[in-house]
Every structure is written in structure tokens, then in C-alpha cells.
Q: 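There's a structure below that I have some questions on.
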Amino acid sequence: MPSYAVLLVFLGFVALLTAWLPAYLEKRPMSLPIVLVVIGMVTFRLPWFESPDPRLHLDTAERLTEFGVIVSLMGAGLAIDRPFGLRAWSTTWRLLAVAMPLSIAAIALLGWWFAGLSVAGAALLGAALAPTDPVLARDVQVGEPSTDDHAREDEVRFSLTSEAGLNDALAFPFVHGAIALALAAAGLAHRSTIEWLAVAVVYRLAVGIAVGWLVGVLLGRVFFSPPGRLTALADRAQGFVAIASTLLAYGLTEMAHGYGFLAVFVTAVTLRSAERHHEFHVVLHEFARQVEEMLMVALLLLLGGAVSNGLLNELTWPGFAVAVLGVLVVRPIVAGVALLGGRPRTSERRTIAFFGVRGIGSIYYLTFALQHGPFDDTDALWSIVTCAILLSVVVHGVAATPVMRRLDRHRRRRHAQVTLPKAGTASGLDEPVAEPTG
């Protein structure tokens with residue numbers, strides 16, 4: 001049987017399965033990524049398919065994961081209903097300013113001390129495994145954008161969505177730091193701390209924010225209130241404009257040597273605020289989500305195939321322990337500490353701390369760094385990062401549905417208690433209890 005025909009049948013089957021499975025898994029302790037990884041592991045053991053080893057195709061793996069992340073960032077930014085602000089986003093700032101640096105430091109220390117990685121390799125491991133992934137965290141993120149003024153996002157979903165949108169870019173300075181350490185150890189180049197701060201931190205972050213904001217403002221004008229007699233692009237309701245916006249923001253920022261991930265998310269948030277109640281945001285978000293889902297399917301199938309063909313062969317017990325500690329111990333502890341005294345309630349704080357989903361973004365950082373620096377422990381890095389991703393896919397995938405349903409029940413109960421009128425009033429006799437939104 002021709003391999004091309006087999007591939008067509010396989011892709012058609014997986015596409016139909018992907019469309020059907022979410023409804024089936026919605027109320028079960030299981031997630032679509034788990035199923036896709038297992039399908040990939042089984043499929044790529046068949047003789048018709050070659051092993052999709054990312055170690056042999058670093059550039060291809062980088063580009064595929066890069067595109068998957070930026071499309072996911074656009075969808076996440078468009079979905080957030082909460083207006084941008086220091087107080088409104090206080091939980092996000094705590095996760096970014098406290099939890100993320102502590103996670104990077106703790107994982108790097110474990111990688112160096114316990115798994116025996118080089119200093120540069122340990123630094124790269126920390127940077128790759130610290131960010132919450134925007135692609136695989138969909139089960140615990142906000143849904144589609146709302147045009148209702150009374151809609152309220154719960155703190156858990158908002159925090160995990162906004163954190164995933166911003167921490168991908170904030171991991172980059174540490175990735176560049178790991179590359180600088182690898183180059184210095186090999187005697188190829190030396191970058192001072194001041195130079196790293198000036199370029200990798202200040203300049204690239206500033207460019208990402210500035211270009212993202214400018215593109216978002218200009219696109220908002222074109223979409224909703226163009227000058228003269230030009231027709232507003234929102235009136236055409238073309239969803240693919242979301243991908244056009246993504247590519248424009250990312251490409252312009254990369255040309256200016258800024259962080260494109262940051263620019264895409266800032267563009268989406270800025271565009272969302274340009275006309276917050278317009279239904280065009282729903283169209284854009286839905287198209288971005290569909291593209292993201294197709295990319296997620298492809299990437300998880302390939303990951304499963306790579307795992308079944310030896311990507312974990314170099315995994316040692318210390319490496320496995322580092323992956324487990326990084327996902328199930330380091331993230332919950334440092335995020336829990338960062339959120340003490342903040343907006344979330346105790347149960348919400350624990351949920352946010354627990355669901356530090358690791359995924360496609362970690363693979364991107366790894367492939368990017370390995371092409372720009374001479375790291376000595378690449379096989380160990382691949383095995384630990386892959387193990388952490390699989391662990392996150394299984395543990396977080398199984399826990400997401402029951403945990404989020406329980407939180408939603410508690411939130412509805414609290415809201416009902418707040419809105420329940422006092423007994424004996426006319427309102428209490430005649431008016432129904434208000435249903436929660438969001």
C-alpha cells in the first residue's frame with residue numbers, strides 16, 4: 001500500500017477523532033493530548049512511518065513548535081475579557097515576577113546537582129521547564145471571548161491563561177543566558193552580565209512590548225474604525241485575519257530582534273481592548289483555536305512517535321527525578337508562595353500553583369538553544385524535558401476535568417449565597433436567584 005495513501009487515511013481518521021473526542025472526554029478524567037500521544041506512539045511503530053526524531057531535525061522541530069506557540073498566544077490574548085491593569089492582573093505579576101525566576105533557579109539547581117548536567121545545560125533545563133505552556137493548558141484556560149459586560153472570569157482560568165501568554169517571552173532571557181554560558185564554556189564567545197541585561201532582557205522585551213502594542217493599535221483601527229470611507233475589516237468577519245495578525249506581529253518583532261512571543265500576546269490583548277464588545281473577537285478566536293488544535297494534533301502525534309522510537313533512551317533515574325520534582329514539587333511550591341496574600345482564595349491558589357502545564361513551548365526553547373550553543377548534554381536534556389512533558393500531559397490531563405468542575409461548583413455556590421435575597425423581602429418572594437456568569 002502506498003505510504004501517501006496510508007498517510008491520508010491516517011490523517012483523516014485522526015482529524016475525525018479529534019473532532020469527536022473532546023465531547024466524549026469533557027466529563028471524564030482524561031484529556032485529548034493523552035490520547036494523541038498514545039496514538040502517535042502506536043502509529044510510528046508501524047513500518048509505513050519513519051521515526052520523527054526531533055534531534056535529527058532541529059530546525060523543522062523549532063519551526064513547527066514556534067508556529068504552534070504563536071497561534072496559541074494569539075488565541076489566549078483574544079480570549080481574555082479582563083481589562084489590562086496592575087491590580088486586575090496582580091496574580092499574573094506574582095507568577096511572573098516571583099514564581100517563574102524561582103522555578104528556573106530550582107530546576108537548574110536540581111539539574112546540575114542531582115542529574116549531573118553542566119552549568120549551561122542546567123540553566124537551559126530551568127528556562128525550558130519553567131513556563132506554563134499555552135498550547136497544552138487549554139483545559140484550564142478561559143474559553144471564548146465574551147461580549148457581556150456582566151461576564152466574569154474566574155481567577156484560576158484567567159491567571160493560568162495570562163501567565164501562559166506572558167511567561168513564554170520571559171523565559172527567553174534565561175535561554176539566551178544559557179546559550180551565553182555554553183559559548184563561554186567552549187571558548188567561542190563571552191558576553192558580560194551587563195550586556196546580557198541590556199540586550200536579552202531590556203532591549204528585546206521592550207521591542208516585543210512596543211511592536212506588539214503598535215501592531216494591536218493599528219489593527220484595531222483597521223478592524224473597527226478605519227479612516228475615510230474604508231470598510232471596517234470586522235464587517236467581513238474573516239477568521240483567518242487572526243493568523244495574519246499573528247504573523248505580522250511576530251515577523252516585525254523578530255526583524256527588530258525583539259521577542260516575538262511577547263509581541264503576539266500584547267497584540268492580541270491590545271486588539272481585544274480596541275472594541276471589547278464586538279463579536280468579531282469571537283470569530284478571530286474561534287479560527288485561531290481551530291488552527292491551534294490542528295497544530296497540537298500534529299505535534300503531539302510526532303512527540304508520541306519520537307518517544308516510541310527512542311527519545312527517552314538516555315533517561316536516567318536522577319533525570320527522571322528532576323522531571324518529577326520540577327513538575328509536581330517545584331512549580332506548586334514556588335507558585336503557592338508567590339500567591340500568598342493575593343487575590344485567589346486558598347483552593348484557587350492551590351489549583352493555580354498545581355497546573356503549571358509543560359508542553360510544546362519547552363520543546364521550542366530546547367531546539368532553539370541547541371542550534372545556537374554547543375551544549376554537551378543534549379541527550380540528557382531531551383530525555384528530561386520529554387519526560388516532564390509526558391508527566392504533565394498525564395497528570396494535569398487526568399486532573400483538569402474533576403478539579404475544574406469542583407472549583408466551578410464552589411464558585412457557583414458562593415455566587416448564589418451572595419446574590420440570594422434576604423428572606424421575607426418582596427425580592428426574595430418574586431425574584432429568582434441570579435445565575436453566575438463566566
Side-chain angles (χ1 to χ4, degrees), residues 53-59 61-62 65-66 69 100-133 167-168 170-193 195-197 199-201 303 306-307 310-331 334 356 358-392:
D53 194 334
R55 295 170 295 185
L56 304 178
H57 309 281
L58 285 177
D59 186 64
E62 178 190 349
T65 53
E66 176 185 50
V69 171
M100 187 170 176
L102 289 178
S103 294
I104 293 174
I107 295 173
L109 181 62
L110 288 171
W112 171 75
W113 174 67
F114 199 63
L117 299 177
S118 64
V119 174
L124 176 57
L125 180 68
L129 288 184
T132 298
D133 188 67
N167 67 9
D168 278 296
L170 297 183
F172 254 120
F174 299 97
V175 173
H176 282 288
I179 294 172
L181 289 173
L183 292 173
L188 299 176
H190 178 73
R191 173 177 289 185
S192 66
T193 303
E195 184 182 0
W196 172 75
L197 285 172
V199 177
V201 180
L303 176 63
V307 169
L311 194 58
L312 290 176
N313 284 355
E314 302 300 322
L315 184 65
T316 62
W317 281 110
F320 174 75
V322 170
V324 173
L325 291 172
V327 175
L328 300 182
V329 178
V330 171
R331 158 69 187 202
V334 299
R358 305 299 179 244
I360 304 304
S362 297
I363 298 177
Y364 171 78
Y365 298 125
L366 191 56
T367 55
F368 175 87
L370 294 181
Q371 294 183 90
H372 290 83
F375 292 88
D376 298 328
D377 28 30
T378 57
D379 287 338
L381 286 169
W382 272 111
S383 63
I384 297 174
V385 170
T386 303
C387 179
I389 293 172
L390 293 177
L391 181 66
S392 180

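Note: hydrogens, waters and symmetry copies are ignored here, and every other heavy atom, side chains too, is used.
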Q: Which pair of heavy atoms, one from V322 and one from A115, lies closest together, and at what distance?
A: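 Residues V322 and A115, closest heavy atoms: CG2-CB, 3.9 Å.
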Q: Just one of L181, I179, L381 clears the side chain to side chain contact (heavy atoms under 4.5 Å, CB included) bar with L124, so which one?
A: L381
Q: G359 and I389: which non-hydrogen atoms are nearest, and at how many Å?
A: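 Heavy atoms of G359 and I389 come nearest at O-CD1, 3.4 Å.
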Q: Let me know which of L391, L315, I384 forms a side chain to side chain contact (heavy atoms under 4.5 Å, CB included) with F320.
A: L315
Q: Holding to side-chain hydrogen bond (donor to acceptor under 3.5 Å, both in side chains), I want the full list of residues that pass it with T367, two or more places apart in sequence or in another chain.
A: none
Q: Under the side-chain hydrogen bond (donor to acceptor under 3.5 Å, both in side chains) rule, collect the residues that match up with D168, sequence neighbours excluded.
A: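 Only Y365 meet the side-chain hydrogen bond (donor to acceptor under 3.5 Å, both in side chains) criterion with D168.
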Q: Nearest 0.5 Å, please: how far is CG in L366 from CG in L58?
A: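 Here the rounded value is 8.0 Å.
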Q: Between CZ of F114 and CH2 of W317, what distance do you get to the nearest 0.5 Å?
A: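 Atom-to-atom, F114:CZ and W317:CH2 are 11.5 Å apart.
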Q: Any chance you could measure L390, atom CG, to L303, atom CG, to the nearest 0.5 Å?
A: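 L390 CG to L303 CG: 5.5 Å, rounded to 0.5 Å.
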Q: Can you tell if the side chain of L129 reaches within under 4.5 Å of the side chain of V385, non-hydrogen atoms only?
A: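 With C-beta onward as the side chain, the pair touches.
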Q: Can you see which heavy atom on I104 is nearest to which on G126, and at what distance?
A: CG1-O, 3.6 Å
Q: At their closest point, which heavy atom of A306 faces which heavy atom of D53, and how far apart are they?
A: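 Minimum heavy-atom contact is CB-CA, 4.5 Å.
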Q: Taking salt bridge (Lys or Arg N to Asp or Glu O under 4.0 Å) as the definition, give me every residue that meets it alongside R331, ordered by chain and number, with sequence neighbours left out.
A: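 So R331 forms a salt bridge (Lys or Arg N to Asp or Glu O under 4.0 Å) with E163.
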Q: Which atom names give the shortest non-hydrogen contact between D133 and G361, and what distance separates them?
A: OD1-N, 2.7 Å
Q: Once salt bridge (Lys or Arg N to Asp or Glu O under 4.0 Å) is applied, do any residues pair with E62, and if so which ones, sequence neighbours excluded?
A: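 Partners of E62 by the salt bridge (Lys or Arg N to Asp or Glu O under 4.0 Å) criterion come out as none, since no residue qualifies.
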Q: Between the main-chain N or O of S392 and the side-chain N or O of R358, is there a donor-acceptor pair closer than 3.5 Å?
A: no
Q: Name all residues meeting the salt bridge (Lys or Arg N to Asp or Glu O under 4.0 Å) criterion together with D379; count only those two or more places apart in sequence or in a different chain, and write none if there are none.
A: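 For D379, the residues satisfying salt bridge (Lys or Arg N to Asp or Glu O under 4.0 Å) (neighbours in sequence not counted) are R55.
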Q: Of the non-hydrogen atoms in A120 and F375, which two are nearest, and what is the gap between them?
A: O-CE2, 3.5 Å
Q: Is it true that a side-chain atom of T386 and a backbone atom of S383 form a donor plus acceptor pair closer than 3.5 Å?
A: no
Q: Who pairs with E195 by salt bridge (Lys or Arg N to Asp or Glu O under 4.0 Å), at least two apart in sequence or on another chain?
A: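 Salt bridge (Lys or Arg N to Asp or Glu O under 4.0 Å) check on E195 returns R191.
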